[in-house]
Amino acid sequence: MSYSNIAVRKFDAVIVGAGGAGLRAAIQLSESGLKVAVLSKVFPTRSHTVAAQGGVSASLGNSEPDHWTWHMYDTVKGSDWLGDQDAIEFMCRKAPEVVVELEHFGMPFDRTDEGKIYQRPFGGHMSNFGEKPVRRACAAADRTGHAMLHALYQRNVRARTQFFVEWMALDLIRDADGHVLGVSALEMETGEVTIFHAKATIFATGGAGRIFASSTNAFINTGDGLGMAARAGIPLEDMEFWQFHPTGVAGAGVLITEGVRGEGGILRNASGERFMERYAPNAKDLASRDVVSRAMTTEINEGRGCGPHKDFVLLDITHLPPETIMKRLPGIREISIQFAGVDPIKAPIPVVPTCHYQMGGIPTNYKGQVVVPLGDDPAVPVPGFYAAGECACASVHGANRLGTNSLLDLLVFGKASGEAVVEDLKQMPAEHRPLPADAIERTRERLERLDARNGGESEYETRLALQRVMQAHCGVFRFKDKLAEGVEMILDVEQRVGKVSIKDKSKVWNTARVEALELDNLIEVAKATMISANARLESRGAHVRDDAPDTAERPNGRNDTEWLKHTLWSRDGNSLAYKPVKLEPLTVESIALKTRSY
Amino acid sequence: MDRDALNRLRWRCTRRALLELDLLLGHFLDTRFADLDEAQAQEFAELADLEDFALWPLINGDQEPKNPQQAAVLAMLRSSRTRNPA
Ligand SMILES: Cc1cc2nc3c(=O)[nH]c(=O)nc-3n(C[C@H](O)[C@H](O)[C@H](O)COP(=O)(O)OP(=O)(O)OC[C@H]3O[C@@H](n4cnc5c(N)ncnc54)[C@H](O)[C@@H]3O)c2cc1C
């Protein structure tokens with residue numbers, strides 16, 4: 001490929017990602033009359049948002065009294081006080097508005113008898129500041145994400161948003177002043193690279209759950225936005241915080257919903273013991289996600305796991321009447337047969353705690369502007385750069401996300417980032433800032449390396465090695481020595497990533513090449529995660545260390561004196577910096593620090 | 001199917017919205033696809049072009065296949081167990 005006369009396309013704004021966050025942002029821009037390009041690795045309605053089933057939260061109060069301040073309290077508490085209270089207030093206050101707006105876009109929400117949006121309870125969402133569960137989750141059957149994405153896509157079609165489908169953004173383009181001027185991107189159908197030159201760039205690239213060997217995330221979640229940001233000198237925030245779901249099918253990752261334990265499913269170790277009785281005598285198998293995940297991990301670590309490698313436990317529903325299984329859990333039976341080779345009517349399902357959601361990401365403020373430390377100010381907007389959705393860290397989820405708050409995050413911050421772009425562009429000159437001479441340098445270097453090298457490391461083996469290191473050294477339950485070892489090991493894997501070669505050098509639809517480019521992103525996320533986790537010497541939310549146990553002085557191992565702060569990992573020298581948590585909301589009183597217990 | 005078409009199919013089989021389908025279609029492509037005749041291969045490519053929530057009910061039998069040819073390919077897909085894939 002010749003890089004000297006590379007095609008350049010000019011837009012007011014370019015959005016990378018067409019999941020919930022990207023599509024919501026695009027509506028804002030297109031409807032304001034801006035010229036906007038949306039890039040996606042897949043057709044928009046194939047984005048991973050489709051997989052979300054549970055619902056989207058908003059204090060509509062349709063079935064019983066509810067208030068955004070209660071939602072805010074739950075979110076701050078869920079975050080283990082690491083969430084920024086200005087952003088959390090913003091999100092919870094905006095929730096009813098964005099959900100009703102979505103309804104007007106054509107979202108087919110389930111209805112109450114009076115025709116209002118039906119709401120159901122969901123873990124961690126309570127009324128009256130933590131008193132009792134409240135119905136706050138709005139859903140469209142068990143296809144909330146799917147329905148949401150279709151509604152947003154249709155609205156974009158109406159607004160004539162321009163889509164670039166099966167295009168992969170490769171690198172962020174910044175000039176010498178640090179302004180973001182767009183991205184380079186690969187069209188898979190031709191293998192050609194184009195520069196998307198824009199006054200504003202929004203990243204909405206989703207999560208990076210594929211850094212772990214066991215993940216509920218689809219293959220597409222390779223953290224491209226995070227990799228691109230890191231390579232362009234933007235730090236990543238709070239990457240040590242990953243939510244694990246207790247029951248992913250061992251070896252496959254596919255999610256088995258909490259509903260199975262709700263129907264009476266029991267977790268057992270190698271000797272058939274119902275071990276949750278020891279860890280949570282009251283709630284047993286229905287204890288909260290993190291408690292169950294840690295109990296399972298302890299069983300496995302202490303040699304009571306099942307199978308030849310003693311590396312999973314069993315989810316047993318064989319005691320339930322087959323009719324119940326067929327009637328209430330047909331989808332789960334299918335998943336189990338297909339991915340575990342087990343009919344759960346006859347035998348228990350092998351399960352392991354499985355990576356589910358990334359709380360950290362590209363640092364932004366509540367307007368969706370990407371912010372970095374500059375001088376004494378920990379959060380100065382990077383001109384022209386915005387992020388929203390799972391790739392961003394606003395930070396509303398802090399150390400632990402509440403279920404249904406992610407779809408809400410997409411709507412609120414997708415919209416906010418769009419609004420911020422519209423406003424910011426009014427202050428910018430009509431002309432695009434010129435592209436720097438080295439605009440394509442980073443991309444060229446990466447592609448030429450793959451074109452030139454032969455006989456190097458296999459992409460597949462290297463990715464597997466990366467995933468195994470993350471799983472074994474930085475999983476649900478973290479150990480001081482394993483983390484320290486993990487840092488060394490992941491830096492070794494990084495060396496291997498630099499030597500990956502591909503056999504197929506063709507251009508058109510070259511999946512091997514694309515996967516090698518994705519691996520460049522996975523390794524940045526993996527390093528950020530491992531190094532941030534190794535350094536945070538407390539337990540908080542989803543980050544739990546053996547050397548920061550639950551004590552009277554430090555309940556849950558949380559250490560607010562030293563660690564009530566956000567981590568910022570930078571690629572350059574793998575250096576770490578920290579910035580304060582924003583404890584001041586926008587209009588209400590701060591929610592004071594407390595021990596997180598349910 | 002020529003190489004470009006096959007590569008495109010690979011992308012569309014392994015970058016789905018649902019992990020279930022990434023695993024299933026990717027595994028099928030690696031282990032069984034080569035045994036299909038041209039018409040069956042075409043049928044599979046058409047299935048792979050469906051959205052996830054259109055394809056999944058066909059695979060798990062909640063929805064009737066549109067013709068015997070599609071039914072045959074779906075049966076192969078269903079039987080290509082993906083136990084413990086990497
Ligand atoms: C199984 C499962 C169930 C879930 N259920 C719920 C739930 O019930 N409620 C809830 O609130 N949350 C749920 N979540 C979490 C939630 O679904 C996700 O956090 C959310 O959908 C992410 O949306 P997004 O818009 O940020 O990214 P995505 O929907 O993942 O979209 C990312 C987009 O970026 C594009 N992209 C990525 N990289 C590139 C690149 N290099 N170039 C071009 N395009 C690129 C992709 O093509 C895609 O269009 C669930 C998650 C999983 C895995």
Side-chain angles (χ1 to χ4, degrees), chain A residues 19 41-43 45-52 143 145-147 149-150 166 188-189 209-210 213 215-222 248-255 307 330-331 333-335 337-342 350 460-461 463-464 467 504 506-515 518, chain B residues 1-33 41 44-65 73-86:
Chain A
K41 292 201 280 190
V42 295
F43 193 79
T45 53
R46 280 196 181 194
S47 300
H48 199 33
T49 295
V50 167
R143 304 226 172 137
H146 170 83
L149 216 49
H150 275 264
E166 297 176 325
M188 282 186 244
E189 193 179 355
R210 299 307 302 180
S215 174
T216 65
N217 289 192
F219 289 1
I220 195 168
N221 276 13
T222 52
V249 172
V254 178
L255 189 79
R333 180 168 181 241
E334 183 65 30
I335 283 173
I337 291 175
Q338 204 55 255
F339 299 104
V342 161
Y460 176 77
E461 293 297 334
R463 177 159 38 95
L464 229 52
Q467 292 168 332
D504 180 359
S506 66
K507 282 176 128 187
V508 176
W509 291 111
N510 186 342
T511 316
R513 187 165 177 237
V514 171
E515 286 177 345
E518 287 177 336
Chain B
M1 202 172 276
D2 66 26
R3 191 182 72 172
D4 291 352
L6 187 61
N7 276 341
R8 183 180 61 202
L9 182 59
R10 176 165 300 281
W11 182 249
R12 291 186 182 169
C13 283
T14 55
R15 290 301 179 283
R16 315 277 319 181
L18 298 180
L19 173 61
E20 287 88 326
L21 290 174
D22 279 339
L23 292 167
L24 207 55
L25 300 189
H27 183 71
F28 186 83
L29 207 56
D30 287 340
T31 57
R32 303 286 291 277
F33 183 77
F44 176 75
E46 277 173 32
L47 284 170
D49 271 344
L50 292 175
E51 280 203 14
D52 290 52
F53 278 121
L55 178 54
W56 186 238
L58 283 169
I59 291 176
N60 70 22
D62 283 348
Q63 208 176 306
E64 288 296 313
V73 175
L74 284 168
M76 286 187 248
L77 194 53
R78 241 194 316 271
S79 68
S80 70
R81 294 278 149 77
T82 50
R83 191 172 154 61
N84 292 343

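Each chain gets a letter, A, B and so on, in the order the sequences are listed, and its residues count up from 1.
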Ignoring hydrogens, what is the shortest heavy-atom contact between [X] and [Y]? Give both atom names and the distance.
{"X": "Q338(A)", "Y": "R78(B)", "value": "OE1-O, 3.4 Å"}
{"X": "R16(B)", "Y": "I220(A)", "value": "O-CG2, 4.4 Å"}
{"X": "V508(A)", "Y": "N7(B)", "value": "O-ND2, 4.0 Å"}
{"X": "L19(B)", "Y": "N217(A)", "value": "CD1-O, 3.6 Å"}
{"X": "A17(B)", "Y": "A51(A)", "value": "O-CB, 3.9 Å"}

Residue [X] versus chain B: region with a heavy atom under 4.5 Å:
{"X": "V249(A)", "answer": "neither"}
{"X": "T45(A)", "answer": "both"}
{"X": "L149(A)", "answer": "neither"}

Heavy-atom contact with chain A under 4.5 Å, split by part of R3(B):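 Interface part for R3(B): side chain.
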In Å, rounded to the nearest 0.5 Å, how long is the span from [atom1] of [X] to [atom2] of [Y]?
{"X": "D22(B)", "Y": "R210(A)", "atom1": "CG", "atom2": "CZ", "answer": "7.5 Å"}
{"X": "T216(A)", "Y": "L18(B)", "atom1": "OG1", "atom2": "CG", "answer": "11.5 Å"}
{"X": "L9(B)", "Y": "W509(A)", "atom1": "CG", "atom2": "CH2", "answer": "10.5 Å"}
{"X": "E189(A)", "Y": "R8(B)", "atom1": "CD", "atom2": "CZ", "answer": "7.0 Å"}

Tell me, do E20(B) and E334(A) make a side-chain contact under 4.5 Å, heavy atoms counted?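 No; the side chains remain at least 4.5 Å from each other.
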Salt-bridge present (E166(A), R15(B); N to O < 4.0 Å):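 No, this pair does not count.
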Using a cut-off of under 4.5 Å on heavy-atom pairs, state which of Q467(A), E515(A), K41(A), R143(A) scores highest against chain B.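 When all of Q467(A), E515(A), K41(A), R143(A) are compared, R143(A) has the most.
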Please verify the inter-ring angle class for W56(B) with F339(A); under 30° counts as parallel, over 60° as perpendicular, anything in between as tilted.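 Parallel: the ring planes of W56(B) and F339(A) meet at under 30°.
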